[in-house]
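For reference, positions follow the sequence shown, starting with 1. Both counts, for ligands and for their atoms, begin at 1 and track the order of listing. What you are looking at is a predicted structure, and each value in this text was computed from that prediction instead of being measured.
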Amino acid sequence: MLAQCLKATAEAIRQAGAAIREGRLVAFPTETVYGLGADATDDKAVASIFEAKGRPRFNPLIVHVANLQEAEKHCVFNAEAERLARRFWPGGLTLVLPRREDTALSLLVSAGLDTVAVRVPAHETARALIKEAKRPLAAPSANPSGKVSPTRAAHVMEGLGEAPQLAFVLDGGACPLGLESTVIGFPQGIPTLLRPGAVARDEIEAVLGRPLADADAASGEEGRASPGQLESHYAPGSPIRLDAAEVAEDEVLLAFGPDAPKAKTSMNLSASGDLTEAAANLFAMLRALDAEAGGRRIAVMPIPMTGLGEAINDRLKRAAAPRD
Ligand code: TXA
Ligand code: MG
């Protein structure tokens, strides 16, 4: 049976909240991407997220809560984490922190680690759903494992509409940021960028007053890049060529900025060269070009590494990585 896709009215959110309490899955919009949500305190419900996504293994999941006080029930904040939470929550920042002994969260959300990833979403529908469900929501991006993250309800229906665990897709329109949250952890107490995302590195460094360490450079188990950061990820079906200065006859073009070369089939992430606009368009345009490419290669123009460019380039690199 196909999941029900409902406009995110108060009544739909009420029904969706009840479905969460019954252990079913609900896809919902956040300001970053659509999430596939379950009651984070229910082992079976959390397990069914992995089943629905077809995840190759249990990656740890982000737990979405209403506010900082709720987050403090589940994990232990250090002073820097608290500063970041106060500045960026609600919003596109995820903090990886030690689990509290007495948390009610399923062990499965941590996938065997002694940490938990938490975030307070800003999107009004996500906030209303957390409130209605009266539960913390475990939610990865609502796409089949390894595919491009969804930024529209229709993308979720395309990828997961037939998953029997999924009760509802709440349609809240296009996700305003369009890129997953930035993930920060504190291995050995050092603030570390585990995944670049919706909040740019320099904004976070400005609040901390020191540079973020990079995941790969950090030593030890905790400091590795987020376990979900598989090399090939966010992958469209068509091959991708990065840093393209010109377009070949048999390629379609993903352009950026005012000086795009002419191509028969092309889309521009931002004709004015605005990285925020480019982030919001990235996944939807990758999908649209992929659908039109019909096996042709997608040539992608270079994107600057400043601000959100770091996260955009990270996703593009993964989209272009060799597939298994
Ligand atoms: O914007 C987002 O973050 C979206 C929306 C729905 O909130 N969610 C999302 O979840 O992107 P997901 O599961 O696709 O990515 C979560 C990332 C993964 O890279 C995962 O490895 C990392 O967070 N993560 C989660 N828990 C972790 C932990 N305990 N330690 C290290 N990394 C963790
Ligand atoms: Mg994901």
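Inclusion of Ser110 in the set of residues having an N or O under 3.5 Å from an N or O of ligand 1 is not warranted. At a 3.5 angstrom cut-off on N or O pairs, His64 counts as close to ligand 1. Taking only nitrogen or oxygen atoms, main chain and side chain alike, Ser141 reaches within less than 3.5 Å of ligand 1. At least one N/O-N/O distance between Ser181 and ligand 1 falls below 3.5 Å.
Taking every non-hydrogen atom of Thr115 and a distance limit under 4.0 Å, the qualifying atoms of ligand 1 come out as 28 (C), 29 (N), 30 (N). When each atom of ligand 1 is checked for a heavy atom of Gly35 under 4.0 Å away, the hits are 6 (C). Atom numbering of ligand 1 starts at 1 in the shown order; those under 4.0 Å from a heavy atom of Ala117 are 25 (C), 26 (N), 27 (C). Listed by number with element, the atoms of ligand 1 under 4.0 angstrom from any heavy atom of Arg119 are 1 (O), 5 (C), 7 (O). Remark: ligand 1 atoms within the under-4.0 Å shell around heavy atoms of Leu113 are 28 (C), 29 (N), 30 (N).
Atom CG of residue Asn59 and atom CD1 of residue Ile49 lie 12.0 Å apart, to the nearest 0.5 angstrom. Distance check, rounded to the nearest 0.5 Å: OG of Ser110 to CG of Leu61 gives 9.0 Å. For the atom pair Glu249 CD and Arg296 CZ, the distance stands at 9.5 Å (nearest 0.5 Å).
Using a 4.0 angstrom heavy-atom cutoff, Asn59 does not count as in contact with ligand 1. Residue contact check for ligand 1: Ala139 places a non-hydrogen atom closer than 4.0 Å to it.
Taking 2.8 Å as the criterion, Ser141 counts as a coordinating residue of the Mg ion (ligand 2), since one of its N, O or S atoms falls below it.
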When you look at Arg87 and Glu203, which way does the side chain to side chain contact (heavy atoms under 4.5 Å, CB included) test go after all the steps? CA-CA 10 Å; Arg87 169 64 183 79; Glu203 285 188 70; 4.0 Å; yes
Take Ser141 and Glu180 through the side chain to side chain donor-acceptor pair (under 3.5 Å) test and state the conclusion after the steps. CA-CA 8 Å; Ser141 50; Glu180 298 89 341; 4.8 Å; no
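Formation of a donor-acceptor pair under 3.5 Å by the Thr182 side chain with backbone atoms of Gly197 is found in this model.
The shortest heavy-atom contact between Arg315 and Leu282 is CB-CD2, 4.0 Å. Annotation for Ala27 and Leu166: closest pair N-CD1, 3.6 Å, computed over non-hydrogen atoms.
When the side chains of ILVMFWY residues are joined at heavy-atom separations under 4.5 Å, either directly or via intervening members, Leu316 and Met285 end up in a single hydrophobic cluster.
Comparing Gly197, Pro140, Ala27 against atom 12 (P) of ligand 1, the shortest heavy-atom distance belongs to Pro140.
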